[in-house]
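Worth knowing before you read on, the calculation uses all heavy atoms, side chains too, and leaves out hydrogens, waters and symmetry mates. In this text the structure is predicted, and so the values were computed from the model without any measurement. As the structure lists them, so they are numbered: ligands from 1, and atoms in each ligand from 1.
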Amino acid sequence: MKITIVGAGAIGGILGAHLVRAGHDITFVEAQREHVQAIRENGLKVSGEADFVVHPRILLPEEVNEPLETVLLAVKARHTAPALEPLAKHLTPGGYVLSLQNGLEEYKIARIVGEERTVGAFLTFGGHYVQPGEVSFGGTGSFCIGEMDGRTTPRLNELEQVLSALQPIKVTDNIFGFLWGKAAVGAVYFATALVSEDVPDIFDRLEYRGVLGSLAGEVVKVCQAEGVVCEVIDGFDPKIFAMAEPPEGAVNACWQAQKIYWYKHDQRRTGVWRDLAIHRRPTEVNEIVGPVVQRAQEKSIAVPRLECLVRLIKEAERGERELTLANLDELRELDRQLGQMGSN
Ligand SMILES: NC(=O)C1=CN([C@@H]2O[C@H](COP(=O)(O)OP(=O)(O)OC[C@H]3O[C@@H](n4cnc5c(N)ncnc54)[C@H](OP(=O)(O)O)[C@@H]3O)[C@@H](O)[C@H]2O)C=CC1
Ligand SMILES: CC(C)(CO)C(=O)C(=O)O
């Protein structure tokens, strides 16, 4: 299988480096020139939970002029269309694009290359870009791949074999259930990114768990209205938070599962927080939370907490908000008022 990985940052770099090490035919396409130059000169280093260097083939986007068979898309969701549109003409008739992104990017990709040439993935292994030529592997997590229509196809079985060079992976008939589940967890993560504290420490502040759960619950209500069965993410079942009276034991089990997940990883902050606090660049809020709010509006489902979250994140992106607990207090106050009005 000839694989092209578009985006050699955290996810593309970590997965791709493991595939190169396992002997697969990998070419990276990466837009950041310093990163490309460093990889050409010294190789791609994976640090953190791994420690090795590979010397892969890497191209700038404008250098791509060859047939593309299997494309793994690992750019931020903001860059899906600009990254994929120029490459689409090179995709072979039997070629396809596997999205390694958060959000519901599969729909966008399908509009560019066709639904039959689009495959989805859900993943919670992670890491971050460190410097040109280096990515840090934060640790393993869940990893599922699936066709948009839920079929099990030979290409999924082939991908499963190849991608298991990184970590165990499963084929699912409900990839959108996982992507919506990740969007629900994602809403929680976006809220935690409004505070410069480690995620598990925020989860330990019990007074904020109510509003964090309510955010996940709003995502699930939209997911259910779309007819999708939301999946459990690393032991966190977002569906619990859409219930009128969530059982306390199940709620506690969800937060416990999240804490176990975060303590297994050497990084304790989200990519969203890194975008806001370190890179000072826009997050993926428009692509991860935005489509949920838009679908809610189309279906007249009230998602006031998600709308407030989007506003707070955008204000933080513009530098109008410090990343402090005051932001979570604002969300919590809204949650309290909505609760008093009986509007869960
Ligand atoms: N990091 C994580 O732990 C996790 C990430 N994800 C998801 O994975 C996806 C990728 O995230 P992540 O790996 O963290 O992102 P990174 O920013 O680390 O990597 C993306 C890379 O793609 C490059 N890029 C941008 N535009 C193009 C283009 N047109 N062609 C080729 N390369 C391009 C970026 O360059 P530049 O920086 O110059 O823009 C960057 O080097 C996101 O959707 C994220 O939500 C999911 C689970 C966990
Ligand atoms: C919030 C989300 C879903 C998107 O970046 C994430 O996975 C992270 O930041 O760690």
Does ligand 1 have an atom that lies less than 4.0 angstrom from a heavy atom of [X]?
X	result
G127	yes
E287	no
H128	no
H279	no

Exercise for the section: Please state which part of E62 comes within less than 4.0 Å of ligand 1, counting heavy atoms only: side chain, backbone, both or neither. Expected result: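 Answer for E62: neither.
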
Exercise for the section: Answer side chain, backbone, both or neither: which part of E284 comes under 4.0 Å from ligand 1, heavy atoms only. Expected result: side chain

Ion pair check, [X] and [Y], cut-off under 4.0 Å:
X	Y	result
E287	K76	no
R332	D335	no
R336	E333	yes
E63	R40	yes
E315	R321	yes

Which of the numbered atoms in ligand 1 are under 4.0 angstrom from any heavy atom belonging to [X]?
X	result
R281	17 (O), 37 (O)
F125	48 (C)
G126	3 (O)
P61	30 (N)
E30	21 (C), 22 (O), 23 (C), 31 (C), 32 (N), 34 (C), 35 (O), 40 (C), 41 (O)
H79	25 (C), 26 (N), 39 (O)
L123	46 (C), 47 (C)

Handout entry: E66/R57 under salt bridge (charged side-chain N to carboxylate O under 4.0 Å, His left out): CA gap, chis, key distance, verdict
Key = CA-CA 13 Å; E66 59 200 39; R57 179 168 183 252; 2.9 Å; yes

Do the side-chain N and O atoms of [X] and [Y] include a donor-acceptor pair separated by under 3.5 angstrom?
X	Y	result
Q101	T80	yes
E231	N174	yes
Y96	E147	no

Problem - Over 12 non-hydrogen atoms of neighbours within 6.0 angstrom of NZ in K170 - result: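 Not more than 12 within 6.0 Å, no.
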
Exercise for the section: Return a yes/no value for I288: is any of its N or O atoms, backbone included, closer than 3.5 angstrom to an N or O of ligand 1? Expected result: no

Handout entry: N102 N/O under 3.5 Å from ligand 1 N/O
Key =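 For ligand 1, there is an N or O atom that lies under 3.5 Å from one belonging to N102.
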
